[in-house]
2 protein chains.
Amino acid sequence: MNVMNDSPRRKELTRQAAQLFVQEGFDRTTVRMLAQEMGIKSGSLFHHFRDKQEILAAVIEEGTQNALMIARDALDNCDSNPEARLHAMARAHLETLLTDRNAHVVALYEWRRLDPEARDHLGHLRDAYETLWEEVLDEALAADLIRGDRFLVSRFVMGALNWTVRWYDPRGERSPEDLARELIAMITHPAR
Amino acid sequence: MNVMNDSPRRKELTRQAAQLFVQEGFDRTTVRMLAQEMGIKSGSLFHHFRDKQEILAAVIEEGTQNALMIARDALDNCDSNPEARLHAMARAHLETLLTDRNAHVVALYEWRRLDPEARDHLGHLRDAYETLWEEVLDEALAADLIRGDRFLVSRFVMGALNWTVRWYDPRGERSPEDLARELIAMITHPAR
DNA sequence: GGGTCAACCAAGCAAGCGCTAGTGTAAACG
DNA sequence: CGTTTACACTAGCGCTTGCTTGGTTGACCC
């Protein structure tokens, strides 16, 4: 058995794995395909990862951790009124699609292929991210910027946002800024 | 080679396949597992379906066709004002989760495992369904019930709705009726 | 009562799968 | 210098995969 740290080499391999997982899906991606993409032989792969599952976990962890970081950053650097905070979160979410799209698609589609331990660990990361959203939405609800059931509003918004990975091309003409503004215009009530 | 009609036997087998595809995912579901669930041997399976892919296509076709039928029905039997039509569509969408949840989950997660021909065929079905939504949303936009970019509003709403398969339990305390009302309250502007 | 036909079974093939074992090598370390 | 460490290779084991083949069964038909 070998190392399982987070060396730069491993980071790069993880990035390439994400690409393949998106193209082929986790189950259809063989260790031989992964190795070829990485420019090594299939056996060498197990020097960097304990098994195939661990590659999947690494991909998802990378993406979620980045999203969490960027979201926290956005909240720290914006005005403190509920609308600005809502906007900052939506924009941050969409911006991660620029840099980490592959990882997010994998997290979305291949979550169930994780073994229970990995799912548990990554579930906590995911929860931390969703909690950020719920706090911001709570503030918006308290300020009467949005109306409705807390649980349902949160689910609907997360749905609209998560669904973007299926159609949004960040290199198109619409910027994350545009989308964030439009989404918030749709769900907020203009009258105070 | 054998039949590929839509016998009642085949319908039942398709329903059972959907169940397994949801539990295990398409790739992890082996023909032997499918056969066992159906109470036959793995070889006999290929009497009903040309190959494994065709089972997947059958599952998705069944679900989409039902959703389309129910949505059309709902539109035919509701008031003609934009709000009522919006409500009818949302409610119909959520109600299909009661009867065809498995098929919808499969359509959502395993779409990319379809071969190009099946994807093309089912894509047209899916388009027909989404077109219904766009018509209803267009009417709502024209009546100033919703404001915003036509393309984006449609994507956000489809996102919020499609995402429901990930968290909504139709046997819970919230009815499709409740959810539909709440969603529409969130995206429509109360002031006329 | 011979013929037809959908439905099923037993057996197995060829290919591909994840992963392991054992070895080589070049740079880094003391 | 000898030792360690990181990374890679070759070769292949044991198993599972989707699917095929050839044959059996029982219900229905004229």
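Being a predicted model, the structure only gives us computed values, none of them experimental.
Regarding B:R113, its CZ atom lies at a distance of 16 Å from the C1' atom of D:dT17, rounded to whole Å. The interatomic distance linking A:I40 (CD1) with C:dT25 (P) rounds to 19 Å, in whole Å. One atom, CZ of B:F46, and another, P of C:dA11, lie 18 Å apart when rounded to the nearest Å. In this entry the distance linking CD of B:E12 with P of C:dA7 reads 14 Å, nearest Å. Nucleotide D:dT10 holds its C1' atom 16 Å from the CG atom of A:L45, rounded to whole Å. Note: CZ (B:R28) to C1' (D:dG18) measures 17 Å, nearest angstrom. Atom CZ in B:R50 sits roughly 11 Å away from atom P in D:dT20 (whole-Å rounding). Atom P of nucleotide C:dC8 and atom CD of B:Q36 are separated by 15 Å, given to the nearest angstrom.
For B:R9, the listed nucleotide lying nearest its side chain is C:dC8; candidates were D:dC9, D:dC19, C:dC8. Residue A:D51 has its side chain nearest to C:dC19 when only C:dC19, D:dC9, D:dC19 are considered.
Side-chain atoms of A:H48 and A:E54 include no donor-acceptor pair closer than 3.5 Å. Side-chain contact of B:Y129 with B:R72: a donor-acceptor pair under 3.5 Å is absent, judged by distance alone.
Judged by atom type and distance alone, A:R32 does not reach the base of C:dG16 through any side-chain donor-acceptor pair under 3.5 Å.
At a threshold of 4.0 angstrom between heavy atoms, the contacts of A:K41 include nucleobase atoms, whether or not backbone atoms are also involved.
Within the structure, no pair that satisfies the ring-ring contact (aromatic ring centres under 6.0 Å, His included) test touches residues 53-72 of chain A, not counting sequence neighbours.
Side-chain N/O atoms of B:H48 include one lying less than 4.0 angstrom from OP1 or OP2 on C:dC8. Neither OP1 nor OP2 of C:dA6 sits under 4.0 Å from any side-chain N or O of B:H47.
Nearer the 5' end of DNA chain C, as judged by each residue's closest nucleotide, is the contact made by B:L13, out of B:L13 and A:F26. Between B:S44 and A:K52, the residue whose closest nucleotide on DNA chain C is further toward the 5' end is B:S44.
Look at A:R150 and A:E134 and you find a salt bridge, because one of the NZ, NE, NH1 or NH2 atoms lies within 4.0 Å of a carboxylate O, short of that distance.
For A:E130, the salt bridge (charged side-chain N to carboxylate O under 4.0 Å, His left out) partners at least two apart in sequence or on another chain are A:R126.
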